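Numbered from 1 within each chain, the chains take letters A, B, ... in sequence-line order. Values in this document were obtained by computation on a predicted structure and should not be read as measured data.
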Amino acid sequence: MSKYFKAKTVDNISLNKHFRLLNLSPLSDIDIPQPGQFYMLQAGDTYDPLLKRPFSIFRHEDNSLSFLYRIRGKGTLSLSHLKSGDIINAIGPLGNSYPEPHGDFIALAGGIGIASLLHLLARFKNKAHLFYGARNKEELVMLNEAKALSKESFITTDDGSEGEKGLITDSLMKFFNSLPITHYPLPLYACGPTPMLRELSKVVAGKDIKCYVSLEEHMACGVGACLGCVIKTVSGNKRVCKEGPVFDIKDIIWE
Amino acid sequence: MSKYFKAKTVDNISLNKHFRLLNLSPLSDIDIPQPGQFYMLQAGDTYDPLLKRPFSIFRHEDNSLSFLYRIRGKGTLSLSHLKSGDIINAIGPLGNSYPEPHGDFIALAGGIGIASLLHLLARFKNKAHLFYGARNKEELVMLNEAKALSKESFITTDDGSEGEKGLITDSLMKFFNSLPITHYPLPLYACGPTPMLRELSKVVAGKDIKCYVSLEEHMACGVGACLGCVIKTVSGNKRVCKEGPVFDIKDIIWE
Amino acid sequence: MGITPNSELRTPNLSVDIAGLKLKNPVMTASGTFGYGEEYSEFLDLNRLGAIVVKGLSITPRQGNPTPRIVETPAGMLNAIGLQNIGVKAFIKDKLPFLRQFNTPVIANFFGDSIDEYIHAAEVLSNAEGVHALEMNISCPNKQAGWIVFGTDPKTMEHVVTAVRKTTDLPLIVKLSPNVTDIGLTAKVAENAGADAISLINTITGMVVDVKKRRPVLANNTGGLSGPAVRPIAVRMVWEVYKAVKIPIIGMGGIMAANDALEFLIAGARAVAVGTANFINPTATIEIIEGLEKFLIEEGLSDINEIIGSLKA
Amino acid sequence: MGITPNSELRTPNLSVDIAGLKLKNPVMTASGTFGYGEEYSEFLDLNRLGAIVVKGLSITPRQGNPTPRIVETPAGMLNAIGLQNIGVKAFIKDKLPFLRQFNTPVIANFFGDSIDEYIHAAEVLSNAEGVHALEMNISCPNKQAGWIVFGTDPKTMEHVVTAVRKTTDLPLIVKLSPNVTDIGLTAKVAENAGADAISLINTITGMVVDVKKRRPVLANNTGGLSGPAVRPIAVRMVWEVYKAVKIPIIGMGGIMAANDALEFLIAGARAVAVGTANFINPTATIEIIEGLEKFLIEEGLSDINEIIGSLKA
Ligand SMILES: Cc1cc2nc3c(=O)[nH]c(=O)nc-3n(C[C@H](O)[C@H](O)[C@H](O)COP(=O)(O)OP(=O)(O)OC[C@H]3O[C@@H](n4cnc5c(N)ncnc54)[C@H](O)[C@@H]3O)c2cc1C
Ligand SMILES: Cc1cc2nc3c(=O)[nH]c(=O)nc-3n(C[C@H](O)[C@H](O)[C@H](O)COP(=O)(O)OP(=O)(O)OC[C@H]3O[C@@H](n4cnc5c(N)ncnc54)[C@H](O)[C@@H]3O)c2cc1C
Ligand SMILES: Cc1cc2nc3c(=O)[nH]c(=O)nc-3n(C[C@H](O)[C@H](O)[C@H](O)COP(=O)(O)O)c2cc1C
Ligand SMILES: Cc1cc2nc3c(=O)[nH]c(=O)nc-3n(C[C@H](O)[C@H](O)[C@H](O)COP(=O)(O)O)c2cc1C
Ligand code: FES
Ligand code: FES
């Protein structure tokens with residue numbers, strides 16, 4: 001059972017202009033991925049693009065792995081060309097995972113950040129107080145699926161095209177303020193763009209709440225060998241691909 | 001009407017382990033290719049492989065272009081991955097063409113060299129005395145099609161797995177010797193590996209016969225700009241992609 | 001994407017000035033990849049180019065190297081053409097008349113085996129009607145001085161540039177070899193010797209081995225690496241040269257698309273040259289020119305000169 | 001493919017000798033791409049490697065550069081890790097015990113900001129049980145002498161290599177920087193200063209610009225280019241060094257598959273190192289070892305040493 005394996009493309013569904021859902025069926029036995037873990041994926045064996053790209057496990061069913069991705073540049077574009085039957089190389093599952101929630105929890109997703117959180121929502125159904133924000137309606141990918149798996153949900157878009165107009169961290173703030181102090185601490189799990197996470201760190205600052213965030217950095221190896229993906233923490237440099245991607249927000253030193 | 005155009009893959013038929021037949025339908029009006037001309041083809045827009053590769057026009061019907069190719073390395077391998085509907089970039093038709101035969105002619109093909117000669121056989125049906133040789137039966141691609149278009153045919157393989165065992169240039173030599181001298185000169189058109197063509201130059205040496213050969217060189221631009229593909233001739237350096245690929249064998253200085 | 005109505009209306013200025021030579025846009029062809037302009041004239045309108053740089057010329061014609069002269073490498077290619085060319089006289093007689101039809105400046109790239117050959121070629125080309133600037137290729141060995149490559153030895157380089165400077169009044173562009181320890185230093189030497197502009201990078205020496213034959217694939221053993229593979233090296237060198245000299249820079253090396261050209265301009269190049277890309281896409285230069293204009297509009301800029309050397313590093 | 005029955009029977013010899021260090025095969029890992037061996041030990045059996053070269057070590061720990069430290073380029077990547085490492089002492093205490101479990105030689109790559117730092121690191125590492133050879137990374141600036149990169153200035157280089165040579169009895173491999181005019185000359189300097197072997201190439205300095213931000217993508221501005229893009233340059237340099245020195249050469253730069261490794265061996269390298277390829281294919285080293293054996297069998301050769309330096313050029 002190796003973490004480096006080949007997988008066959010089952011399908012590569014276009015959800016809208018930007019988003020795709022890639023379903024893979026591994027050609028060998030694989031380790032079971034936990035919510036928050038990721039895989040390094042690469043389509044084809046050309047040297048351009050050269051490096052694999054990291055993608056969170058979105059769904060795992062007996063012998064299939066699913067990834068939800070947004071087309072950004074070369075790597076994700078080449079993934080989007082995958083057709084049913086195409087073979088791809090993958091490494092994973094990699095990194096740590098979200099600590100198990102006991103009972104209710106808060107899930108904060110920014111845009112494609114939903115990809116890693118949806119696995120958590122599915123694993124712990126109707127326990128999540130979901131906060132999901134994006135630039136606009138189109139960027140709120142898998143919204144209904146996420147809502148259906150959550151106990152309650154708060155939605156925002158920058159342009160108001162869906163849910164409330166505004167930042168998701170603001171509605172999280174409102175939520176906190178509405179709570180009788182005793183209701184803390186629900187653990188909070190967040191994944192999304194760095195600016196959102198930085199904002200979150202201010203929101204939870206001083207609050208007695210367990211807050212776990214999944215971080216992104218450029219990666220080359222994904223397994224801890226190249227030191228390309230480090231972040232600064234209170235206990236020194238940590239590798240997002242190895243000690244992370246999930247960190248306790250209190251340990252992170254934002255730059 | 002530009003010689004640089006996009007074309008849609010109609011299909012990419014596997015003839016056997018090594019050979020494929022690629023049928024393209026250009027997305028814009030194109031010039032009509034003549035037998036012996038070629039196109040620079042490239043699958044996808046990755047930078048690896050970087051350069052287009054030259055391929056002779058194998059068949060041309062109103063709005064479709066066909067290419068017969070043998071998988072050798074990166075470029076032809078990436079072509080072999082093309083699926084129906086895939087768009088590819090092409091430049092052509094390029095280079096000169098086989099001078100029109102008036103009446104019967106001799107066609108000498110070595111292996112994949114048949115690709116450029118078959119267009120000539122199809123254009124002038126039942127006029128060709130075909131000499132077609134290859135390493136083995138499997139390498140005698142499109143044999144039946146070639147025979148059907150020819151007046152008579154002589155086949156050889158290095159291992160005797162089809163036709164006579166031996167070199168095709170030897171049976172050509174026999175053919176010449178069998179002819180009453182008056183029967184010369186049928187024009188001769190040849191395409192195949194350089195060793196075969198060099199051998200041919202000896203066979204026809206001293207004979208009063210018009211002999212045209214299609215040459216191969218590594219190419220970068222295909223349009224005469226890079227000077228990558230030159231050969232030495234009695235009148236100095238010539239570009240295979242521009243003054244060629246078809247040359248009068250008497251003009252070539254073999255190295 | 002932040003397009004303000006009025007920035008959509010007026011088309012931004014793309015013209016740049018290289019040592020007094022006014023270019024309608026900063027996109028030129030790289031020497032040796034565009035022949036003498038004829039081959040690609042059926043694919044694009046040569047009037048749209050910022051400048052046409054022709055294949056390297058020598059005082060007498062050259063036959064060049066045996067084949068294979070070309071081999072592909074990952075995201076690049078090696079070439080060992082061996083500077084085959086028709087010579088300055090045939091160029092002026094047979095090729096210049098064609099190029100004079102277009103209102104696009106012609107830059108004559110030239111080289112020699114000795115300082116004398118450089119001087120003679122420069123003289124002849126300077127007196128030809130329709131040559132607007134000279135680009136000196138100094139990535140060639142000085143056969144008189146023990147085959148030292150002019151461009152990799154500061155002293156040899158200073159001599160040949162000084163000598164050529166004396167013989168021409170045309171804008172003199174010195175094209176640097178990247179096969180050096182300190183590109184900023186070589187650029188400074190060229191500037192002090194009288195160069196009006198610097199162009200870089202020429203190709204990087206490389207080799208590919210045919211493992212079954214135990215032979216280099218190229219008949220010449222080694223060749224010059226070009227294409228996207230070298231771009232990060234080229235961009236870095238342009239930036240180093242920009243910090244070292246005051247004269248304008250023409251940047252090249254793996255430019256395939258507008259975004260690549262922008263990397264060079266932002267790093268300090270006032271113009272760019274497109275080489276290997278022509279082979280893959282004969283209309284690459286035109287697409288890059290259009291891409292530059294589009295970028296300026298999207299960024300709400302009115303003049304390409306605003307981004308030249310704008311790198312925050 | 002020309003397999004004679006008996007050449008199929010006996011498996012060919014893959015072992016090579018680098019300055020007295022016996023390697024069971026010529027395939028090692030490139031420093032900085034394989035951590036301290038642990039990360040990849042779950043993907044492959046470290047016992048099968050010719051040698052393990054660990055991430056560059058300094059006398060004291062280093063935090064390295066801010067991120068982004070990595071950016072991809074066509075068929076390559078730039079890295080600006082900034083030589084982050086745990087320091088020689090922590091390496092010996094926490095990492096060596098793990099590596100000692102395997103019967104594969106460990107080569108400690110090290111560097112310094114000054115000649116003193118080089119000497120100290122070399123001393124400490126030489127006395128550690130389980131370090132079989134030292135690889136000196138001289139592609140770093142000498143902060144005491146105006147930031148001149150040791151490996152690009154012959155004099156500075158001679159001093160530091162001579163000094164380290166005096167402090168260690170282990171095989172001393174000097175790893176050359178490719179950012180020089182004459183790689184053969186720098187190799188000669190290292191040889192004369194007492195190097196037992198030469199390894200090359202280290203990364204080539206490059207830059208990628210984020211055109212919207214007008215910023216280099218890397219926080220450090222520039223980074224080192226590696227991967228298939230640099231292979232033709234690396235093979236050429238190995239060939240030049242092979243012609244210049246007598247000591248063994250360890251070749252690297254863009255080796256992704258057995259055929260690539262063969263290019264280096266034929267050009268004169270006695271061993272090869274695999275770097276960036278590990279990131280894309282964690283079992284690349286093993287596949288290359290198997291590919292080398294397959295090649296020898298197909299060619300009817302009984303010993304890898306028969307092809308080393310066999311280039312007909
Ligand atoms: C642990 C982790 C999990 C992720 N999960 C997902 C997911 O489930 N779905 C999804 O759509 N995206 C996910 N990403 C982001 C995804 O990896 C990048 O969008 C992708 O690498 C972009 O590659 P590209 O070639 O398409 O874009 P590029 O053209 O390479 O770059 C576009 C932008 O993507 C970012 N990027 C580029 N390379 C990397 C890299 N190696 N690592 C991280 N960011 C990079 C940079 O900010 C860059 O500006 C994840 C990233 C990490 C680190
Ligand atoms: C005018 C012309 C017409 C051709 N017509 C056909 C055809 O109809 N069908 C067909 O199968 N092949 C044809 N070829 C040969 C074809 O171009 C090569 O097989 C192809 O380029 C190999 O590319 P590759 O990447 O698969 O192999 P590579 O790995 O690039 O090289 C494998 C071998 O192919 C040869 N080669 C590589 N690049 C080139 C190049 N740019 N030009 C020529 N040879 C090269 C070299 O000998 C090399 O050793 C033609 C070549 C020319 C010059
Ligand atoms: C086939 C070929 C021929 C070249 N000939 C010349 C030349 O004659 N003179 C010269 O100065 N540079 C020559 N060059 C170098 C290019 O002008 C350019 O500097 C280099 O290719 C880098 O740009 P690119 O990556 O866009 O091709 C040549 C390059 C190629 C690929
Ligand atoms: C992420 C990364 C880190 C590296 N760190 C070091 C190092 O610490 N010391 C060193 O001598 N070389 C280092 N190198 C250079 C490699 O050892 C090797 O020389 C170079 O990458 C070329 O080989 P490749 O193309 O196979 O990667 C590093 C390379 C990479 C990609
Ligand atoms: S990506 Fe290499 S250490 Fe994290
Ligand atoms: S391939 Fe460029 S001149 Fe023929």
| query | Where along residues 175-189 of chain C does a heavy atom come under 4.5 Å of chain D, listed by residue number? | reply | C:N179, C:V180, C:T181
| note | Here the gap from C:M237 atom CE to D:I204 atom CD1, rounded to the nearest 0.5 Å, amounts to 8.5 Å
| message | Counting heavy-atom pairs under 4.5 Å with chain D, which one of C:P232, C:G206, C:G254 comes out on top? | response | C:P232
| field | Portion of D:F264 that has a non-hydrogen atom of chain C nearer than 4.5 angstrom | value | neither
| query | So which of D:P216, D:A75, D:A234 has the biggest tally of heavy-atom pairs under 4.5 Å with chain C? | reply | D:P216
| How many angstroms lie between CD in C:E263 and CZ in D:R214, if you round to the nearest 0.5 Å? | 12.5 Å
| request: Assess whether atom NZ of D:K243 is packed by more than 12 heavy atoms of other residues, nucleotides or ligands within 6.0 Å. | output: yes
| task | I would like to know whether C:V209 and D:L262 meet side-chain contact (heavy atoms from CB on, under 4.5 Å); could you show each step before the answer? | result | CA-CA 9 Å; C:V209 173; D:L262 285 162; over 6 Å; no
| request: Starting from the C-alpha separation in whole Å, work towards a yes-or-no answer on side-chain contact (heavy atoms from CB on, under 4.5 Å) for D:V211 and C:I266. | output: CA-CA 7 Å; D:V211 302; C:I266 291 165; 3.8 Å; yes
| task | Start with the C-alpha distance between D:I233 and C:L225, add both sets of side-chain angles, then the distance that settles side-chain contact (heavy atoms from CB on, under 4.5 Å), and finish with yes or no. | result | CA-CA 8 Å; D:I233 302 170; C:L225 183 64; 3.8 Å; yes
| request: Could you tell me which portion of D:T73 (side chain, backbone, both or neither) has an atom closer than 4.5 angstrom to a non-hydrogen atom of chain C? | output: side chain
| task | Select one option (side chain, backbone, both, neither) describing which atoms of D:T222 are under 4.5 Å from chain C's heavy atoms. | result | side chain
| request: Would you check if the side chain of C:R236 reaches a backbone N or O of D:T205 as a donor-acceptor pair within less than 3.5 Å? | output: yes
| said: Are there residues of residues 303-313 of chain C whose heavy atoms fall under 4.5 Å of chain D's heavy atoms? If so, which? | reply: C:I307, C:S310, C:L311, C:K312, C:A313
| query | In terms of heavy-atom pairs under 4.5 Å with chain D, which of C:A229, C:P74, C:G223 leads? | reply | C:P74
| field | Per-residue contact mode, D:L78 against chain C (heavy atom under 4.5 angstrom) | value | side chain
